[in-house]
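Have a look at the structure below before the remarks.
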Amino acid sequence: MATALETVEAYTGHEYKYGFYTDIETDTAPPGLDEDIVRFISAKKNEPEWLTEWRLQALRRFRDMEQPEWQKPEVGEIDLQAISYYSAPTQKEAPKSLDDIDPEIRRTYEKLGIPIEEQKMLAGVAVDYVFDSVSVATTFKAKLKELGIIFCSMSEAVHDHPELVRKYLGSVVPQGDNYFAALNSAVFSDGSFVYVPKGVRCPMELSTYFRINAAGTGQFERTLIIADEGSYVSYLEGCTAPQRDEHQLHAAVVELIALDDAEIKYSTVQNWYPGDHEGKGGVYNFVTKRGLCRGKRSKISWTQVETGSAITWKYPSCVLQGDDSIGEFYSVAVTNHKQQADTGTKMIHIGKNTRSRIVSKGISAGRADQTYRGLVRVLKGAEGARNYTQCDSMLIGDKCGAHTVPYIEVKNPSAKVEHEATTSKISDDQLFYCRARGISEEDAVALVVNGFCREVMDELPMEFAVEARKLLAISLEGSVG
Amino acid sequence: MTTTAIRRLEPASGYALLFDRLKGGLAGSGAARASSFKRFAELGFPTTRTEAWKYTNLKPLAEVAPSAPVPAEVSLADLDGYLLTGDVRRLVFVNGHLAPDLSDIARLPSGLRVKTLLECVEAEASLLADVDADRALTALNAAFAQGGAVIEVEAGVTIDPVIQLIFVDAGDDAAMLTNVRNRVSLAAGARLRMAETHLVLGTGSITNVVNHFNVADEAELLSDKVQIGTKASRAFGQSVIQVGKNAKFGQTTIGVGGALVRNESLAKLEGPHGDLDLNGTYVPEGGEQVDTVIRVEHLAPNCESNQFYKGVLLSGGHGVFAGKIFVDQVAQKTNAYQQNDNLMLSRDAEIDTKPELEIYADDVKCSHGATVGELDETGLFYLRSRGIDRQTAEAILTFAFAGEVVERLHHEDSQHQARRALLGRLRGGDKLMELV
């Protein structure tokens, strides 16, 4: 309890702790979206022609699409012409070591409480820092190289491993998949690329920090992770973003591909700026995340802790194509004040004996609204498919909302699909019990909520678990009393 | 393509032609009828891009040239097996028209009024009011409906006889469009039990029913609904249910047969301590599709609602369940439950289920569950080891599965009807007929 208490104190005053702004010289494209901008981005990144063409194709698909409106949160028309689609920290030449990195950027990460040096040593975590869409430092690269693991920025991968990028880019999330994915495909700036060769077990957790920095630049990350036969990789993604008054759009695409017997574990702690108490100024987090279990006995596991953003709208999904493949989705979403979240997953069972498990915990407080939206689809050939879904919602206060929208579509009789959902308020008895033992109301809430989410928290890698527990407590500050 | 174009199916010209032909003979305000039809034409049929119709393709319906209901000869013998026995009053409508010879509403107890829509609509235009402004089929119903019952129970009266409404579609024209609208109103403290029976005796038809149940404070209305269709029949129904303070509404629906059957319920718990109970079972096979769409709105505190639906998907059958519980911010201390279990007995069956919660109050207990699976192998093994052949064993287990819903029908005769219809569907079910 002590740590949670300390943390709560450390974060008192409901101001967003990470809301600072680093002033570095940026090389920014003029606002607007057309073919010229797409060509500009592509040229700026010195991309091969096939990729430029690929982006333009995505742009054409995008133009035929309309902003979707089926979701629960009211988004309103986003003026995509007002956004600048490229912003890169200017670099004279590529950094060779951490010392070469712009000290401003270094200081930014220090303010985040995660100095790179410390990160480097901490339990063997290699960090691919992404700062305003361009990766500026990559650590542990040499060590990974020994094992044949490729872990670099997408821009580097395009140049160094074009055959892999060309083969897999868009193979899980096609250009025209949805409105925001099409936008991303046209203008994606950078992101991470991971390739784990056959039979290699990645010895460390790979992680990336994303930040949105320069004003008015949306961030369009593109992540591609390929686990070749029999390999294993665990990837961590954590987000914090500085304070802004206008809404910022974050429309990323993450593609995972697991071949025979491979396993990918993808964990996210998302803590973008949620806006002030009136919901003003927060980040729009509209992300398309999808994993393809292409090989037999492959496994993809998504774990997410979503506490930030004004609007979170994403469905990390698994396409279970290989026989005996496994998909998992563990999620904790916390919404407070006027935050809104519409999140969940899709499990598409194609192969025989495919299994999926969904555990979703939603906590809604203040005037927040939260929706679990999930799809479990069992196709005709998915003999022996198995799904278990559990989604629990907890309401704190009488002005928030919690909604559950599960879709279950089954076309195979041997499938076993179970779905359970409950909604309840935070237990008065449990709070009273804690209070009677001298625990403050806010700590008691944190304690109960952490217990409620435990099933998901246990799935997080250790480094994240600590941070995530603190985040839960901070996110719910001021929700009771 | 614009959003409206992909969400709207243009009704074929046959609908307007039919309306032009019939409008002179429709009871009630001609202007109101015309405005309802205009509304229908403007709305058009929904497409699968409309969320509520995601799994249901109305294109064949939109393209049909509907024909007017015609008189048909139906005798009491044709209704054999579907007439409730005991203390019963009944109204029978054949192809949307009252059949006085088959009906029996003599000796009505005091406090109960049973009339037909046709008798009342001149005096009371609100009977055809739009109960759901955005639903094209409801507007279509308001334009055409002539048949149906208007039932009223006075305050504080408990009605002993069961009221049975029988709707028969007979003939060999599967494009015949019958529109029926019923209104059942219970004043404060009244009690009534009723049964709705929908029978398709000929080849098929298109039936479009709208029901309005108004259960005032402290009143109680229990309703059994049995729907028997054919391979070519299409049935659409919408029930709008209003439940007052301390009032109760219960309905159990058993449906067998029909190319496309869709039952929509919109229930509103408007007063505190209201109680709502909706149950049903569906057994589609051979290209049939059955939709169950429910929206339960908790608009007052301390109410309880239960939805209990079981589906048996036979070869070629397609089931759709979309149940939603909506809890308003004022509806504290709500208890709302929803269960949808599905048994899939064939490789070419399909089930799409969407149990949905939308909750804005914190002190509530809401849960929902949905399952899809096949018959339990151990159960089958147990029966087989006792010398029962596989087919019969499967029939026994399936019958038991659906039986949980059947026993919620309040009238014993309804239960018999339902059991017979279910067993008639199951392979090996004939051997169990003697049990019911």
Side-chain angles (χ1 to χ4, degrees), chain A residues 64-70 72 362 364-365 367 369-381 383-426 428, chain B residues 1-3 6 49-51 54-55 313-315 318-322 324-334 336-377:
Chain A
D64 290 336
M65 298 168 110
E66 283 177 23
Q67 191 178 321
E69 49 182 38
W70 46 263
K72 176 89 180 130
S364 206
R367 282 168 297 155
D369 250 317
Q370 188 167 124
T371 306
Y372 165 83
R373 198 184 297 274
L375 168 69
V376 175
R377 180 181 285 157
V378 179
L379 299 186
K380 237 180 197 132
E383 212 60 44
R386 184 84 179 82
N387 162 266
Y388 173 76
T389 303
Q390 187 191 340
C391 39
D392 298 322
S393 305
M394 183 185 271
L395 293 154
I396 303 175
D398 58 0
K399 289 187 176 59
C400 52
H403 323 299
T404 317
V405 192
Y407 293 78
I408 302 164
E409 304 175 2
V410 183
K411 289 186 179 170
N412 186 301
S414 62
K416 280 201 172 57
V417 179
E418 288 171 84
H419 172 95
E420 269 185 301
T422 61
T423 302
S424 54
K425 68 182 258 182
I426 191 162
D428 286 335
Chain B
M1 244 195 298
T2 64
T3 318
I6 56 171
R49 298 294 296 267
T50 310
E51 181 61 24
K54 187 170 154 61
Y55 302 107
L313 292 310
L314 301 168
S315 175
H318 182 187
V320 177
F321 178 84
K324 181 170 196 170
I325 298 171
F326 171 92
V327 180
D328 191 89
Q329 211 176 90
V330 300
Q332 297 293 354
K333 309 263 181 217
T334 285
Y337 305 100
Q338 184 183 57
Q339 185 69 37
N340 176 230
D341 296 330
N342 295 285
L343 199 51
M344 251 188 132
L345 297 180
S346 164
R347 286 195 64 87
D348 51 3
E350 178 178 345
I351 175 72
D352 300 305
T353 171
K354 189 177 107 175
E356 197 177 332
L357 302 174
E358 186 174 350
I359 297 168
Y360 296 96
D362 66 331
D363 194 4
V364 299
K365 281 198 190 103
C366 294
S367 70
H368 65 183
T371 60
V372 179
E374 55 187 348
L375 284 172
D376 176 25
E377 275 301 324

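Every chain is numbered from 1, with letters handed out A, B, ... down the list of sequences. These figures come from a predicted structure and were not determined experimentally. Just so it is clear, the values below take in all heavy atoms, side chains as well, and ignore hydrogens, waters and symmetry mates.
The part of B:Ala361 that comes within reach of chain A is its backbone (N, CA, C, O), which places non-hydrogen atoms under 4.5 angstrom from that chain. With a threshold of 4.5 angstrom between heavy atoms, B:Asn342 does not approach chain A through any atom at all. Only the side chain of B:Tyr55 comes within less than 4.5 Å of a heavy atom in chain A; its backbone stays farther off. B:Lys324 does not touch chain A: none of its heavy atoms, backbone or side chain, sits under 4.5 Å away. With a 4.5 Å cut-off on non-hydrogen atoms, A:Ala415 touches chain B through its backbone but not through its side chain. Looking at B:Glu51, the atoms closer than 4.5 Å to chain A (heavy atoms on both sides) all sit in the side chain, from C-beta outward. At a 4.5 Å heavy-atom cutoff, the contact between A:Asp369 and chain B is made by side-chain atoms alone. Contacts of A:Glu383 with chain B are made by side-chain atoms alone, with heavy-atom separations under 4.5 Å and no backbone atom involved.
B:Arg347 places no side-chain N or O within 3.5 Å of a backbone atom of A:Pro413 that could act as its donor or acceptor partner.
Here OG of A:Ser414 is found 9.0 Å from CE of B:Met344. Values are rounded to the nearest 0.5 Å. Here the straight-line distance linking atom OG1 of A:Thr404 with atom CD of B:Gln338 works out to 10.0 Å at 0.5 Å rounding. Rounding to the nearest 0.5 Å gives a distance of 10.5 Å between NZ of B:Lys365 and NZ of A:Lys425. Within the model, atoms CD1 of A:Ile408 and CG of B:Asn340 stand 8.0 Å from one another, a figure rounded to the nearest 0.5 Å. Once rounded to the nearest 0.5 Å, the distance linking CG of B:Asp341 with CD of A:Glu418 reads 10.0 Å.
Residue with the most contacts toward chain A among B:Thr353, B:Leu345, B:Thr371: B:Thr353 (heavy-atom pairs, distance under 4.5 Å). Interface check for chain A: of the options B:Ala336, B:Pro355, B:Ala322, B:Gly369, the most heavy-atom pairs under 4.5 Å are formed by B:Pro355. Per-residue counts of heavy-atom pairs under 4.5 Å with chain B were compared for A:Asn412, A:Thr389, A:Asn387; the largest is that of A:Asn412.
Chain B is approached within less than 4.5 Å, heavy atom to heavy atom, by no residue from residues 371-378 of chain A.
No salt bridge links B:Lys354 with A:Glu409; every basic N to acidic carboxylate O contact stays at or beyond 4.0 Å.
Aromatic ring pairs are classed by plane angle as parallel below 30°, tilted from 30° to 60° and perpendicular above 60°; the pair A:His403 and B:Tyr360 is tilted.
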- Item | Chi angles and distances behind the side chain to side chain contact (heavy atoms under 4.5 Å, CB included) call for A:Glu420, B:His368 | CA-CA 6 Å; A:Glu420 269 185 301; B:His368 65 183; over 6 Å; no
Residues 392-401 of chain A side chain polar contacts: donor-acceptor under 3.5 Å, at least two apart:
unit_1, atom_1, unit_2, atom_2, d
A:Asp392, OD1, A:Thr422, OG1, 2.7
A:Asp392, OD2, A:Lys361, NZ, 3.0
A:Asp392, OD2, A:Gln390, NE2, 2.7

